Amino acid sequence: MTSPPRTESELLARAGALSGLTLSQIAETYRVTVPDNLLTRKGWVGELIERCLGADAGTRPEPDFRQLGIELKTLPLDRDGRVRESTFVCTASLINGPGTRWENSLVRRKLDTVLWIPVEADRERPLAGRRVGNPFLWRPSPAQWRILEQDWNSIMDLVLTGRLGEISANRGRYLQMRPKAASGRSLCEAIDADGNRIRTLPRGFYLRARFTSELLKQAYL
DNA sequence: ATCTGATCATCT
DNA sequence: AGATGATCAGAT
């Protein structure tokens with residue numbers, strides 16, 4: 001197991017060393033077998049990169065590199081270098097609590113600093129041969145923070161006033177809320193319009209691919 | 001081609 | 001149950 005990086009520059013150096021390598025080259029180092037596809041191993045690439053870089057948050061609701069407060073995200077790109085998928089940020093608490101104010105929210109903490117690792121994700125290309133790209137560090141600009149906060153507040157307002165039915169993935173400019181569950185039968189706690197506890201589908205926050213595409217573009221200007 | 005809703009694996 | 005890592009796949 002790789003030890004956690006002590007400094008941001010150490011982390012960036014480690015990430016930079018991966019760029020240009022294929023997933024099989026990286027997996028070899030860790031004696032890990034590359035699956036044939038991601039159908040039943042959807043998080044495999046992210047988990048591999050985490051191990052390489054020494055992420056230590058495990059399953060805790062915290063940034064991956066706890067000491068540095070940095071979150072790690074892979075960014076899947078198609079053959080033309082376009083972002084293929086939205087980016088999961090965190091699960092959302094649907095009942096009132098300490099994390100239901102923007103200032104204390106998990107979204108804010110996780111997006112404070114993000115290390116993005118572009119990875120080839122063209123379905124036609126075998127997983128083992130897909131290459132890792134140049135990492136880039138992102139801290140939201142004041143303007144980006146404002147929109148993220150607006151998105152978060154408008155969605156969470158619906159959540160906390162029991163209007164879950166009005167939430168769909170088309171709300172939010174940068175952030176959206178979508179199901180995040182093992183299946184459609186998964187349930188978690190929420191509240192209805194009268195404040196009663198109900199059971200509903202678990203949801204998570206995601207960054208739109210449109211938005212992360214802009215981050216990628218800016219990073220390489 | 002893009003977007004939304006649904007789903008898969010693993011760990012505590 | 002609920003957190004982590006995400007991508008799948010049908011609809012638009």
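Since this is a predicted model, take the numbers as computed values, not measurements. Chain A is the first sequence line, chain B the second, and so forth, proteins listed ahead of strands; every chain is numbered from 1.
Distance from the side chain of A/N170 is smallest to B/dT4 among B/dC3, B/dT4, C/dG5.
Using a 4.0 Å heavy-atom cutoff across all strands shown, A/T87 reaches no nucleic acid atom at all. At a threshold of 4.0 angstrom between heavy atoms, the contacts of A/T74 are confined to the sugar-phosphate backbone, with no base atom among them. Within the nucleic acid shown, A/P76 comes within 4.0 Å of sugar-phosphate atoms alone, with no base atom in reach, counting heavy atoms only.
A/L148 approaches A/W138 most closely through the heavy-atom pair CD1-CH2, 4.4 Å.
The nearest whole Å value for the distance from the CG atom in A/L175 to the P atom in B/dT4 is 13 Å. As rounded to whole Å, 13 Å separates atom P of C/dT4 from atom CZ of A/R66. Following rounding to the nearest Å, A/E71 (CD) and C/dA3 (C1') show an atom-to-atom distance of 12 Å. Separating the CG atom of A/D64 from the P atom of C/dA3 is a distance of 15 Å, rounded to the nearest angstrom. Atom P of nucleotide C/dG5 and atom CZ of A/R60 are separated by 12 Å, given to the nearest angstrom. The distance between atom CG of A/L77 and atom C1' of B/dT2, rounded to the nearest whole Å, is 16 Å. Spacing between atom CD1 of A/I155 and atom C1' of B/dG5 amounts to 15 Å, rounded to whole angstrom units. Across the protein-nucleic acid pair, A/L207 atom CG and C/dG5 atom P stand 12 Å apart, rounded to whole Å.
If you find the closest nucleotide of DNA chain C to A/L38 and to A/S186, the one lying nearer the 5' end belongs to A/S186. The 5' end of DNA chain B is approached more closely, in terms of each residue's nearest nucleotide, by A/V83 than by the other of A/M177 and A/V83. Each of A/R82 and A/R178 lies near DNA chain B, and the nucleotide nearest A/R82 is the one positioned closer to the 5' end.
Listed pair A/R208 / B/dT2 fails the phosphate criterion, with no side-chain N or O lying under 4.0 Å from OP1 or OP2. Neither OP1 nor OP2 of B/dC3 sits under 4.0 Å from any side-chain N or O of A/Q176. Regarding contacts with the backbone of C/dT7, every side-chain N or O of A/R84 stays at 4.0 angstrom or more from both OP1 and OP2.
No option in A/L72, A/D56, A/T74 other than A/L72 meets the side chain to side chain contact (heavy atoms under 4.5 Å, CB included) test with A/E50. For the side chain to side chain contact (heavy atoms under 4.5 Å, CB included) test with A/L207, the passing option among A/V83, A/V89, A/V107, A/D151 is A/V89; the others fail.
Taking the six-membered ring where tryptophan is involved, the planes of A/Y220 and A/F136 are perpendicular, since the angle between them exceeds 60° and thus also 30°.
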* In sequence, state the C-alpha distance, the side-chain angles, and the governing distance for A/R171 and A/S154, and then conclude on side-chain contact (heavy atoms from CB on, under 4.5 Å). => CA-CA 9 Å; A/R171 290 190 186 272; A/S154 65; 5.9 Å; no
* To do: Check the pair A/S86 / A/R178 against side-chain contact (heavy atoms from CB on, under 4.5 Å), numbers first and verdict last.
  => CA-CA 11 Å; A/S86 55; A/R178 307 216 306 271; 3.0 Å; yes
* To do: Evaluate the side-chain contact (heavy atoms from CB on, under 4.5 Å) criterion for residues A/M177 and A/V159: first the C-alpha distance (whole Å), next the side-chain angles of each, then the deciding distance (0.1 Å), finally the verdict.
  => CA-CA 10 Å; A/M177 178 172 274; A/V159 168; 4.0 Å; yes
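Remark: A/R125 engages A/E120 in a salt bridge, criterion side-chain N to carboxylate O under 4.0 Å. Between A/E10 and A/R14 there is a salt bridge, with a side-chain nitrogen of the basic residue lying less than 4.0 Å from a carboxylate oxygen of the acidic one.
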* Structure fact -> Contact string for nucleotides 7-12 of chain B, one letter per nucleotide 5' to 3', B = base within protein heavy-atom range under 4.0 Å, S = sugar-phosphate only, - = neither, reads BBS-BS
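Of the possible donor and acceptor atoms, one in the side chain of A/D192 sits under 3.5 Å from a partner among the backbone N and O of A/D194.
For the segment residues 187-199 of chain A, no residue has any heavy atom less than 4.0 angstrom from an atom of DNA chain B.
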